[in-house]
Amino acid sequence: MSTKHSGTCLCGTVRFEISGTFERFYLCHCSRCRKGSGSAHAANLFSSEAEITWLSGEDCIESYRVPDARHRRSFCRTCGSALPRVEAGGAMVVVPAGSLDTPVDIRPNAHICLSSRANWDDGLDEVTRLDGLPG
């Protein structure tokens with residue numbers, strides 16, 4: 001059964017739909033994903049059969065590939081939000097999980113590249129959790 005997800009960038013300029021199922025969901029801790037996300041890890045969904053339909057803002061999408069590497073990220077030129085992209089010559093759709101506005105029905109399969117994780121990324125389950133902003 002095929003599913004449909006919708007998503008947007010932070011400023012709302014780029015809107016898209018993803019048709020198809022996600023096969024894998026990885027949380028990548030490599031230094032490139034940490035720099036690209038500004039966080040402890042990137043959270044990306046992967047599908048070999050999904051299709052992206054750009055509803056608006058396709059002309060505002062930029063892409064950056066690290067020289068001499070396979071690492072690439074797509075983002076909104078206006079707000080910098082991470083956006084889906086097609087990889088491997090069209091064989092794989094990669095979707096940043098946080099770009100989706102619809103619930104994801106797959107749990108992460110694995111934390112990957114843990115050998116290069118940030119030194120502050122240990123024991124995070126022990127950090128105080130708040131439902132809103134502090135103070």
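Just so it is clear, the model here is predicted, and its values are computed rather than measured. The chain is numbered in sequence order, starting from 1.
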Less than 3.5 Å apart, which donor and acceptor atoms pair up between the side chains of residues 87-98 and the rest of the protein, not counting sequence neighbours?
residue	atom	partner	partner atom	Å
Glu87	OE2	Arg72	NE	3.1
Glu87	OE2	Arg72	NH2	3.3
Glu87	OE2	Arg85	NE	2.8

Just distance, no hydrogens or angles: give the donor-acceptor pairs under 3.5 Å from side chains in residues 128-135, sequence neighbours left out.
none

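Gly36 and Arg73 get closest at one heavy-atom pair: O-NH2, 3.3 Å. Closest heavy-atom contact between Val14 and Gly57: CG2-O, 3.5 Å. In plain terms, the two heavy atoms of Val104 and His5 that are nearest each other are CA-CE1, 4.2 Å.
Partners of Asp59 under the side chain to side chain donor-acceptor pair (under 3.5 Å) rule, at least two apart in sequence or in another chain, do not exist in this structure. Remark: Glu62 engages Arg77 in a salt bridge (Lys or Arg N to Asp or Glu O under 4.0 Å) (not counting sequence neighbours). Annotation: salt bridge (Lys or Arg N to Asp or Glu O under 4.0 Å) contacts of Glu51 (sequence neighbours excluded): none. In terms of the side-chain contact (heavy atoms from CB on, under 4.5 Å) criterion, residue partners of Cys113 (sequence neighbours excluded) are, by chain and number, Cys28, Cys30, Ser116. Looking at residues two or more places apart in sequence or on another chain, you find no salt bridge (Lys or Arg N to Asp or Glu O under 4.0 Å) involving Asp68. In this structure, the side-chain contact (heavy atoms from CB on, under 4.5 Å) partners of Ser47, at least two apart in sequence or on a different chain, are Phe22, Glu23, Glu49, Ala50. For His111, the side chain to side chain donor-acceptor pair (under 3.5 Å) partners are His29, not counting sequence neighbours. The side chain to side chain donor-acceptor pair (under 3.5 Å) test applied to Arg117 returns Asp122, not counting sequence neighbours.
Of the possible donor and acceptor atoms, none in the side chain of Ser99 sits under 3.5 Å from a partner among the backbone N and O of Gly7. At least one donor-acceptor pair closer than 3.5 Å links the side chain of Ser81 to the backbone N or O of Leu10. A donor-acceptor contact shorter than 3.5 Å links the side chain of Arg65 to the backbone of Arg70.
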_As a quick check of understanding, evaluate side chain to side chain contact (heavy atoms under 4.5 Å, CB included) for Cys76 and Leu83, giving each step before the final call._
CA-CA 7 Å; Cys76 172; Leu83 293 169; 4.1 Å; yes

_Using the rule given for side chain to side chain contact (heavy atoms under 4.5 Å, CB included), can you reason through Leu27 versus Ile112, listing the C-alpha separation, both sets of side-chain angles and the distance that settles it, and then say yes or no?_
CA-CA 6 Å; Leu27 306 176; Ile112 60 173; over 6 Å; no

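The hydrophobic cluster containing Ile18 also contains Trp54, counting ILVMFWY residues as joined when their side-chain heavy atoms lie under 4.5 angstrom apart, directly or transitively.
In this structure, Tyr64 belongs to a hydrophobic cluster whose other members, linked by side-chain heavy atoms under 4.5 Å apart, are Val66, Phe75. Through side-chain heavy atoms spaced under 4.5 Å, either directly or across other Ile, Leu, Val, Met, Phe, Trp or Tyr residues, Leu55 is tied to no other residue.
Note that the CD1 atom of Ile106 and the CZ atom of Phe25 stand 8.0 Å from one another [nearest 0.5 Å].
By the 4.5 Å heavy-atom criterion applied to side chains, Pro84 and Phe16 are counted as neighbours. Side-chain atoms of Tyr26 and Asn44, non-hydrogen and from C-beta on, never get closer than 4.5 Å to each other. Taking 4.5 Å as the limit, some side-chain heavy atom of Leu45 sits within range of a side-chain heavy atom of Leu100.
Between the side chains of Asp101 and Ser6, no donor N or O sits under 3.5 Å from an acceptor N or O.
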